[in-house]
Peer 1: 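Next up is a structure, given as structure tokens.
What you see is a predicted model; the values in this text were computed from it and never measured. The first residue in the sequence is number 1, and the count goes up from there.
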Amino acid sequence: MQMESQMEAVKVEGFGPDSEVEDLGRCVDEISTTVSRLEQRVNDVEQFYLTTDNMELTITKSASAFKEKVKEKQLTGLEKQQQEASQREAAALKRMQELMRQFATILRQITQHKWAHPFMHPVDVEGLGLHDYYEIVQKPMDFGTIKSKMEAKDGTGYKNVREIYSDVRLVFKNAMKYNDERHDVHIMAKTLLEKFEEKWLQLLPKVAEEEKRQVEEEAKAELDVKLAQEAVHANMAKELSNELCDVDLQLEKLRQIVIQKCRKMSTEEKKKLGTALTRLSPEDLGKALEIVAENNPGFQPTAQEVDLDIDAQSELTLWRLKVFVQDKLKLAGKCSEAVVCNNINNNENTIKSNSKRRREISDALTKNAIKRNRKLSPNS
């Protein structure tokens with residue numbers, strides 16, 4: 001990266017007193033810290049846009065400082081959205097309460113019917129000896145339980161009219177399921193269910209309209225929040241772009257300082273540098289030529305034949321090349337030492353192995369010679 005290359009130039013030994021080097025080093029460290037912080041924030045913004053396609057409305061996990069900044073900027077836009085959402089919820093709750101009031105009227109008419117008394121309280125299973133009741137009825141229900149749930153203030157009550165409707169039907173369906181169709185309770189339940197369904201059909205259009213309206217409002221609320229978050233992150237991206245431009249300006253100023261402070265490389269040093277370049281591997285040599293090309297737009301580092309004029313290069317380029325070449329040759333030297341040591345060890349092992357083998361052969365020949373001597377002896 002160009003940024004890394006510019007920072008690397010500061011670390012050369014080609015200029016001024018140690019104090020100047022230390023000052024420049026501190027500048028580099030500060031810029032590096034800033035770049036790391038900006039990089040994290042850029043990643044966070046990118047991650048937000050990657051998750052946007054999945055309709056995720058939560059901010060992705062990120063650095064706490066960045067999240068706090070995003071949160072602060074979201075407040076202005078999101079506070080308005082939250083206020084509007086609260087108003088919509090309040091209006092929806094009021095409309096639903098009105099529907100529940102109308103439903104309560106229907107329920108009251110059903111429970112006041114002369115046949116409603118068997119369904120007003122939970123079935124006395126033990127008292128009536130209905131030992132198989134829970135095997136047949138999985139979810140018992142009665143009007144007393146429904147009324148208590150409708151009046152609950154602790155959050156355990158019904159959320160909408162359709163939930164109450166389902167439980168009322170369940171009261172009658174349970175009675176019809178457990179009792180034979182000729183049984184009085186079955187007939188009473190069936191009759192009341194028919195009356196209830198007739199009255200429900202009168203209220204149903206209002207219920208369906210409210211449900212549709214709630215779905216549309218929820219979708220709109222989610223979209224508003226999503227758009228607000230996107231606007232916040234768009235502003236964050238713009239701010240990041242400006243801060244990155246500032247970093248580029250700081251780096252350019254630092255680069256100019258380095259150029260001014262660099263001492264001129266001697267002829268002997270240039271000669272040694274040219275010789276050192278020829279010792280680089282093809283890959284490292286290509287990288288060295290790229291360093292030259294950064295300050296020489298007309299230079300073609302990937303051409304088949306490259307003519308590099310060391311004397312024509314700027315002092316900054318020369319010192320950068322020197323540092324680069326020194327690092328690479330030092331690394332290559334360590335690798336070579338490792339290879340040499342490995343070869344020495346291999347050679348020592350081979351010598352030891354050959355020596356052992358020669359001893360074994362010598363011992364075998366000696367034994368054979370002794371055996372032949374014994375066979376040739378007149379006493380054998």
Peer 1: Does CD belonging to E197 count more than 12 external heavy atoms closer than 6.0 Å?
Peer 2: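 Enclosed.
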Peer 1: Run the salt bridge (charged side-chain N to carboxylate O under 4.0 Å, His left out) check on R95 and E89 step by step: do they pass?
Peer 2: CA-CA 10 Å; R95 293 193 302 271; E89 289 176 5; over 6 Å; no
Peer 1: Could you pull out all residues at least two apart from D180 that satisfy side-chain hydrogen bond (donor to acceptor under 3.5 Å, both in side chains)?
Peer 2: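 side-chain hydrogen bond (donor to acceptor under 3.5 Å, both in side chains) list for D180, sorted by chain: R182.
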Peer 1: I would like to know whether V161 and Q102 meet side-chain contact (heavy atoms from CB on, under 4.5 Å); could you show each step before the answer?
Peer 2: CA-CA 10 Å; V161 174; Q102 295 179 35; over 6 Å; no
Peer 1: Hey, what do you get for CD (E209) to CZ (R213), rounding to the nearest 0.5 Å?
Peer 2: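 If I round to the nearest 0.5 Å, the distance is 7.5 Å.
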Peer 1: List in chain and number order the residues that pass side-chain hydrogen bond (donor to acceptor under 3.5 Å, both in side chains) with S266, two or more places apart in sequence or in another chain; answer none if no residue qualifies.
Peer 2: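 Applying side-chain hydrogen bond (donor to acceptor under 3.5 Å, both in side chains) to S266 gives E269.
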Peer 1: Just wondering, are more than 12 heavy atoms of other shown residues or ligands nearer than 6.0 Å to NE2 in H121?
Peer 2: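 Counting neighbours around NE2 of H121, 12 or fewer heavy atoms of other residues, nucleotides or ligands fall under 6.0 Å, so no.
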Peer 1: Minimum heavy-atom separation for L277 to L285, with atom names?
Peer 2: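 Residues L277 and L285, closest heavy atoms: O-CD1, 3.8 Å.
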Peer 1: For the residue pair D309 and Q313, what are the closest heavy atoms and their distance?
Peer 2: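 Looking at all heavy atoms of both residues, the closest pair is O-NE2, 3.0 Å.
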Peer 1: When the ring planes of F196 and F103 are compared, do they come out parallel, tilted or perpendicular, using 30° and 60° as the limits?
Peer 2: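 Aromatic pair F196/F103 classed perpendicular.
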Peer 1: Using the test ring pair (Phe, Tyr, Trp, His ring centres under 6.0 Å), find all partners of F119 that sit at least two apart in sequence or belong to another chain.
Peer 2: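 Ring pair (Phe, Tyr, Trp, His ring centres under 6.0 Å) list for F119, sorted by chain: F172.
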Peer 1: Residues in salt bridge (charged side-chain N to carboxylate O under 4.0 Å, His left out) with K270, at least two apart?
Peer 2: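 For K270, the residues satisfying salt bridge (charged side-chain N to carboxylate O under 4.0 Å, His left out) (neighbours in sequence not counted) are D311.
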Peer 1: Return the minimal non-hydrogen interatomic distance between I31 and Q250, and the atom names on each side.
Peer 2: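 Of all heavy-atom pairs spanning I31 and Q250, the closest is CG1-OE1, 3.7 Å.
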Peer 1: Is atom NZ of K159 surrounded by more than 12 heavy atoms (other residues, nucleotides or ligands) closer than 6.0 Å?
Peer 2: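 Buried by this count: over 12 neighbours within 6.0 Å.
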Peer 1: Name each donor-acceptor pair under 3.5 Å that joins a side chain in residues 134-144 to protein atoms two or more places apart or in another chain, with its distance.
Peer 2:
residue : atom : partner : partner atom : Å
Q138    : OE1  : K177    : NZ           : 3.3
Q138    : NE2  : E135    : O            : 3.3
D142    : OD1  : T145    : OG1          : 2.7
D142    : OD2  : G144    : N            : 2.9
D142    : OD2  : T145    : N            : 2.9
D142    : OD2  : T145    : OG1          : 3.4

Peer 1: Applying side chain to side chain contact (heavy atoms under 4.5 Å, CB included), name anything that partners D307, two or more places apart in sequence or on another chain.
Peer 2: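 Listed in chain order: nothing, the list is empty.
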Peer 1: For R320 and E294: C-alpha separation, side-chain torsions, deciding distance, then whether salt bridge (charged side-chain N to carboxylate O under 4.0 Å, His left out) applies.
Peer 2: CA-CA 11 Å; R320 287 183 61 198; E294 286 182 17; 3.1 Å; yes
Peer 1: Working note: K238 + E243, criterion salt bridge (charged side-chain N to carboxylate O under 4.0 Å, His left out); need CA distance, chi angles, decisive distance, verdict.
Peer 2: CA-CA 9 Å; K238 185 177 179 180; E243 290 185 54; over 6 Å; no
Peer 1: Which pairs with one or both residues in residues 278-316 pass ring-ring contact (aromatic ring centres under 6.0 Å, His included), sequence neighbours excluded?
Peer 2: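 Every pair satisfying ring-ring contact (aromatic ring centres under 6.0 Å, His included) with a residue in residues 278-316: there are none.
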Peer 1: State which residues pass ring pair (Phe, Tyr, Trp, His ring centres under 6.0 Å) with H113; sequence neighbours excluded, sorted by chain then number.
Peer 2: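 By the ring pair (Phe, Tyr, Trp, His ring centres under 6.0 Å) rule, H113 matches W115.
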Peer 1: With sequence neighbours left out, write down each residue that passes ring pair (Phe, Tyr, Trp, His ring centres under 6.0 Å) with Y158, or none if nothing qualifies.
Peer 2: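 For Y158 there are no ring pair (Phe, Tyr, Trp, His ring centres under 6.0 Å) partners, ignoring immediate neighbours.
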Peer 1: Test side-chain contact (heavy atoms from CB on, under 4.5 Å) on M188 and H117; report intermediate values, then the result.
Peer 2: CA-CA 10 Å; M188 294 161 71; H117 64 89; 4.0 Å; yes
Peer 1: Residues two or more places apart in sequence or in another chain: which of them pass side chain to side chain contact (heavy atoms under 4.5 Å, CB included) with Q214?
Peer 2: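 Testing Q214 for side chain to side chain contact (heavy atoms under 4.5 Å, CB included), a comparison that skips the adjacent residues, returns A92, M96, E210.
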Peer 1: Identify, with sequence neighbours excluded, every residue that meets salt bridge (charged side-chain N to carboxylate O under 4.0 Å, His left out) alongside R101.
Peer 2: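 Checked R101 against salt bridge (charged side-chain N to carboxylate O under 4.0 Å, His left out); matches are E98.
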Peer 1: Not counting sequence neighbours, which residues clear side-chain hydrogen bond (donor to acceptor under 3.5 Å, both in side chains) with K271? List them please.
Peer 2: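 Here no residue qualifies.
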Peer 1: Check the surroundings of atom CZ in R279: do more than 12 heavy atoms from other residues, nucleotides or ligands lie under 6.0 Å from it?
Peer 2: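 It does not: R279 CZ has 12 such atoms or fewer within range.
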